[in-house]
Colleague: 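This is the structure I have questions about; it appears just below.
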Amino acid sequence: MEKKLQDLKKTFMSEMDNVKDSQFLADLKKKYLGRKGELTGILKEVKDMASEEKPRVGKLANEIKEELTEVFNKTEKIIKNKGDQAIDFDPTMPGTKRQTGHLHPSTIVQQEVEDAFVSMGFSVYDGPQLESDYYNFTALNIPEEHPARDSHDTFWLEQNWLLRTHTSNLQVRMLEKHGAPFRGIFPGRCFRYESTDASHDHTFFQLEGLMIDKGINIGNLIATMKSLLSAVFNTDVDVRLRPGFFPFVEPGFEMDIKCLVCEGKGCSVCKQSGWVELMPCGMVHPEVLKAGGVDPNEYSGFAFGLGLTRLVMMKYRIDDIRLLESGDLRFLKQF
Ligand code: FA5
């Protein structure tokens with residue numbers, strides 16, 4: 001009888017090794033553990049055994065029943081949790097490669113720029129894209145009827161609200177909230193109601209920088225710009241600084257980068273000029289400091305408005321800005 005029990009256990013275990021699916025498992029349960037199953041049959045026989053053998057064989061039979069039930073329950077649980085395929089798993093087969101997403105090129109470059117500024121002691125801030133006329137224009141020394149408003153083709157909403165045309169909308173908000181000294185950058189989406197071309201989109205990213213302290217001068221501004229560009233490009237790039245007019249800085253500059261799409265030879269991105277407008281900047285106008293509650297007699301500072309999407313184009317040699325917001329996976333999968 002004991003041999004019969006051990007043999008039954010052996011065949012049960014080898015049959016369990018071949019379980020393919022839940023139906024197969026149910027059949028095995030019936031065959032061994034069911035009311036008319038093989039083990040149940042043996043247990044019935046034990047009842048009629050001689051009394052000196054009965055305790056020993058009965059104990060073994062119960063132990064084997066417990067063992068088989070445990071193996072059965074474990075296998076049943078695996079099938080329930082993972083489905084029938086779990087039993088078919090063959091570790092020697094090559095796996096199926098799952099598709100994973102990745103960061104958008106604008107986010108990759110944004111993070112590189114953020115890291116460069118954080119290492120220079122700047123903090124990163126966020127702010128509203130839906131903005132009031134006041135913070136987007138008036139507080140920046142651009143009152144109503146000022147001609148500078150014309151250079152920003154604006155998506156106007158109801159009651160003097162708008163989609164921000166630049167990240168400069170946060171300059172006065174930040175000064176009001178944090179006061180001076182202040183050192184921050186604000187990356188974000190901007191919107192302009194303008195016709196698009198290879199280097200202009202209606203939706204694009206800028207990254208604003210603002211540094212206010214005692215004794216800040218143009219030398220600090222230029223040193224910061226240089227550190228930024230060497231962090232992003234890891235090599236020297238040609239830039240040029242020329243005077244630029246923005247009512248919220250005095251003096252103001254335009255920083256252009258030699259077009260990396262055509263290496264300065266001229267293309268649709270740089271409009272055949274060999275240069276791309278990248279980063280207007282300047283010393284913060286006293287009126288802006290005042291609007292933010294900062295005393296211009298005590299503090300000075302610089303601000304810049306990096307065209308982040310244009311920087312992405314230069315870094316990856318992208319010849320049409322519209323690809324970046326297109327959502328075209330054939331383009332995005334290349335990064
Ligand atoms: C401004 O938006 C100012 N706020 C920048 C500034 C900040 C000046 C702080 C001084 C101090 P501008 O309109 O030139 O400036 O835009 C800044 C940069 O954003 C441009 O050099 C360009 O790189 C990018 N840019 C502007 N319009 C578009 C557009 N339609 N598509 C893509 N990039 C754009």
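What you see is a predicted model; the values in this text were computed from it and never measured. Counting convention: from 1, in listed order, for ligands and their atoms alike.
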Colleague: Is E208 close to ligand 1, meaning an N/O of one under 3.5 Å from an N/O of the other?
Modeller: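 Between E208 and ligand 1, no N or O pair is found under 3.5 Å apart.
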Colleague: Answer yes or no: is there a side-chain heavy-atom contact under 4.5 Å between L241 and E254?
Modeller: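 Counting from C-beta outward, L241 and E254 never come under 4.5 Å.
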Colleague: Compare R310, M314, E254 and give the one whose heavy atom is closest to atom 20 (C) of ligand 1.
Modeller: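 Checking each option, the heavy atom nearest atom 20 (C) of ligand 1 is found in R310.
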Colleague: Consider every N or O of H200 and every N or O of ligand 1, then say whether any pair is closer than 3.5 Å.
Modeller: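 No, there is no polar N/O contact under 3.5 Å.
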Colleague: F248 heavy atoms, cut-off 4.0 Å: which ligand 1 atoms fall inside?
Modeller: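 In order of number, 3 (C), 4 (N), 6 (C), 7 (C), 8 (C), 9 (C), 10 (C), 11 (C).
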Colleague: So is H202 touching ligand 1 or not, going by heavy atoms under 4.0 Å?
Modeller: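 Checking ligand 1 against H202, which is what was asked, there is no heavy-atom contact under 4.0 Å.
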Colleague: Considering only protein heavy atoms, which is closest to atom 23 (O) of ligand 1, and at what distance to one decimal place?
Modeller: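 The protein heavy atom lying closest is E277 O, 3.1 Å.
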Colleague: Identify, for atom 31 (N) of ligand 1, the protein heavy atom at the shortest distance, and state residue, atom and that distance.
Modeller: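 The protein heavy atom lying closest is D201 N, 3.1 Å.
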Colleague: Please state which protein non-hydrogen atom is closest to atom 27 (N) of ligand 1 and give its distance, to 0.1 Å?
Modeller: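 Ranked first by proximity to atom 27 (N) of ligand 1 is F204 CZ, 3.5 Å.
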Colleague: Carefully, step by step, assess W275 and R242 under the rule side-chain contact (heavy atoms from CB on, under 4.5 Å).
Modeller: CA-CA 12 Å; W275 294 91; R242 56 192 170 89; over 6 Å; no
Colleague: Quick one: do K226 and D236 satisfy salt bridge (Lys or Arg N to Asp or Glu O under 4.0 Å)? Show the steps, please.
Modeller: CA-CA 9 Å; K226 277 188 176 166; D236 281 344; over 6 Å; no
Colleague: Could you walk me through whether Y125 and H178 pass the ring-ring contact (aromatic ring centres under 6.0 Å, His included) check?
Modeller: CA-CA 11 Å; Y125 298 93; H178 302 282; 4.8 Å; yes
Colleague: Check contact between S199 and ligand 1, using heavy atoms of the residue and a distance below 4.0 angstrom.
Modeller: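 Distance cut 4.0 Å: S199 passes for ligand 1.
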Colleague: Does the residue L278 have a heavy-atom contact with ligand 1, meaning some pair of atoms that are separated by less than 4.0 Å?
Modeller: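 Under 4.0 Å: yes for L278.
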Colleague: Pick, from G307, P247, S195, G305, the option with the minimum heavy-atom distance to atom 7 (C) of ligand 1.
Modeller: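 Of the listed residues, G305 has the closest heavy atom.
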Colleague: Taking only residues two or more places apart in sequence or in another chain, which ones pass side-chain contact (heavy atoms from CB on, under 4.5 Å) with T107?
Modeller: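 In terms of side-chain contact (heavy atoms from CB on, under 4.5 Å), with neighbours along the sequence ignored, T107 is linked to L103, H104, Q111.
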Colleague: Does F302 have a heavy atom less than 4.0 Å from any atom of ligand 1?
Modeller: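 F302: no contact with ligand 1 (<4.0 Å).
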Colleague: Given the ring of F205, does R189 sit roughly above its face, with NZ or CZ under 6.0 Å from the centre of the six-membered ring and within 45° of the axis?
Modeller: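 Because its charged atom misses either the 6.0 Å distance or the 45° angle limit, R189 does not stack over F205.
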